[in-house]
2 protein chains.
Amino acid sequence: MGLMTELEKGPTGRRRGRGARERILSASQQLFREQGINRTGMDQLCVAAQVSKRTAYQHFAGKDELVAEYLRRFDPSVLPGVFDRTDLTPRERLLAAFDIPPATPLCPYIGAAVELHDPQHPASQYARDYKKAVAARLADTAREAGAVDPEQLGEQLALLLDGAAARTRVLNADAFPTAAAIAAVLIDNAIPATAGD
Amino acid sequence: MGLMTELEKGPTGRRRGRGARERILSASQQLFREQGINRTGMDQLCVAAQVSKRTAYQHFAGKDELVAEYLRRFDPSVLPGVFDRTDLTPRERLLAAFDIPPATPLCPYIGAAVELHDPQHPASQYARDYKKAVAARLADTAREAGAVDPEQLGEQLALLLDGAAARTRVLNADAFPTAAAIAAVLIDNAIPATAGD
DNA sequence: CGTTATGTAAACAGGTCTGTGTTCTTAAGC
DNA sequence: GCTTAAGAACACAGACCTGTTTACATAACG
């Protein structure tokens, strides 16, 4: 009976259902990425999300909370499509982390941390948590691959990812192949020839 | 007779000499670093520089030009105290690039590129030039050290520097030791045992 | 002494930002 | 059909930002 999901909009352009929050977050992902956080005003964002400002501020206490939520929704499962690939060996999974689609302009976590410029900001804190989670996941996979010091290798590979992201942004040129080449050297050095696969 | 350098200020608090421009740039270095570029207004900056806004806008066409000049004045000789150290072997010089004072919070070039968010901005263009210059200097030193592929090694080490800077910023923890460890591995791999020193 | 830069001080213009209040409209559910 | 809650539309407040303008002061130099 109930079954009212996706009823979207009425004849006058009215939008109901629970779409407002999702539309706001979706517009945030696009605009924050394209223009940056500070250069995207709430007005513009609400227009893009087809939501009134009043509604936006009923869903989010303020822009700060929205930014934090934007980051949180960004990658809820930490590098999906990399660590989940059971068809790859652990070693291949470590390298797969550097095969990112070229459409990705910049790691949003670094962007947020730099733009907000306040380590205490909720979004900055989440960016920290996320980066630690990535390093931990890499370390787990490194352990699985038989690395001598998986924590160290995980931290090293995480640094390579961040370096590639930052350098890609500054130079406007894809730096991930370089990072992948370094990763290959580190992985070969850290994993005994007889281990893993 | 002339000899009027450093006459600084008159009895009424008036400041003359050619200090205004330098004071503005000096205040920029401090404030842009502490608060970021976008969060530092020209008003605040002029107060800190003890300069009227009128004067500031006579020296710089606008904030954009000031930001570009701020970056340009930052490190005119590209990593001073690293490439100049003739007391070190080329190999040691490559590693010395990772021994940065812990007081340095973040590479201002990355910060500017992210904050300004416009690759066409003069400051973004200079940041690109600077990063390329660093990589070239590293490549030169790598060649001097006898590396097999000095261009590649230079690019790799530059990526490590940027990775350490970005990661230090996001995590609020010094990532340069990790980068130095990776650098040591790369250098050892790229330089034949018999070359250099 | 008079002229001329150079600078201060402070108001102002026009814009954008976050966030709120106010009124009207309409869908959902009984 | 009636009630209720969610949202649209829109003006507005208050702050801050970049950049300009006006009026005044003083140091250097002839």
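Lettering follows sequence order; numbering is per chain, from 1.
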- Query: Which of the following nucleotides, C:dG7, D:dA8, D:dT20, is nearest to the side chain of A:Val51?
  - Reply: D:dA8
- Distance, rounded to the nearest Å, where B:Arg39 contributes CZ and D:dC16 contributes P: 13 Å
- Message: Under 4.0 Å from OP1 or OP2 of D:dA6: is there any side-chain N or O of A:Thr55 that close?
- Response: no
- Take atom CD1 of A:Ile37 and atom C1' of C:dT18, then tell me their distance rounded to the nearest Å. 15 Å
- Note on the structure: By nearest-nucleotide position on DNA chain D, the 5'-leaning member of A:Gln58 and B:Asn38 is A:Gln58
- Where do B:Asp140 and B:Arg143 land on the salt bridge (charged side-chain N to carboxylate O under 4.0 Å, His left out) test, with the steps shown first? CA-CA 5 Å; B:Asp140 288 345; B:Arg143 186 175 299 108; 3.2 Å; yes
- Query: To the nearest angstrom, how far is B:Phe60 atom CZ from D:dT18 atom C1'?
  - Reply: 16 Å
- Message: For a 4.5 angstrom cut-off between non-hydrogen side-chain atoms, does B:Met42 reach B:Leu66?
- Response: yes
- Side-chain atoms of B:Arg23 come closest, of D:dG19, C:dT8, D:dA8, to C:dT8
- Got a sec, which pairs hit salt bridge (Lys or Arg N to Asp or Glu O under 4.0 Å) with one end in residues 52-65 of chain B, sequence neighbours left out? B:Asp43-B:Lys53
If you look only at distance, which donor and acceptor atoms sit under 3.5 Å apart when one is on a side chain in residues 152-163 of chain A and the other is two or more places apart or in another chain?
unit_1: A:Glu155; atom_1: OE2; unit_2: B:Arg167; atom_2: NE; d: 3.0
unit_1: A:Asp162; atom_1: OD1; unit_2: A:Lys131; atom_2: NZ; d: 2.7
unit_1: A:Asp162; atom_1: OD2; unit_2: B:Arg167; atom_2: NH1; d: 2.7

- Item | Pair of N/O donor and acceptor under 3.5 Å linking C:dG19 base with A:Arg54 side chain | no
- Round to the nearest Å and state the distance from A:Asp43 atom CG to D:dA11 atom P. 12 Å
- Any donor-acceptor N/O pair under 3.5 Å between C:dG19 base and A:Lys53 side chain: yes
- Item | B:Gln50 CD - C:dT6 P separation (whole Å) | 20 Å
- Rounded to whole Å, the CD1-P distance (B:Ile24 to D:dT18) equals 14 Å
- From CG of B:Asp64 across to P of D:dT18 the rounded distance in Å is 10 Å
- Message: Could you tell me if the side chain of A:Asn38 sits less than 4.5 Å from the side chain of B:Arg39, heavy atoms only?
- Response: yes
- Message: D:dA6, OP1 or OP2 - any side-chain N/O from A:His59 closer than 4.0 Å?
- Response: no
- In whole angstroms, how far is the C1' atom of C:dT16 from the CD atom of A:Gln35? 14 Å
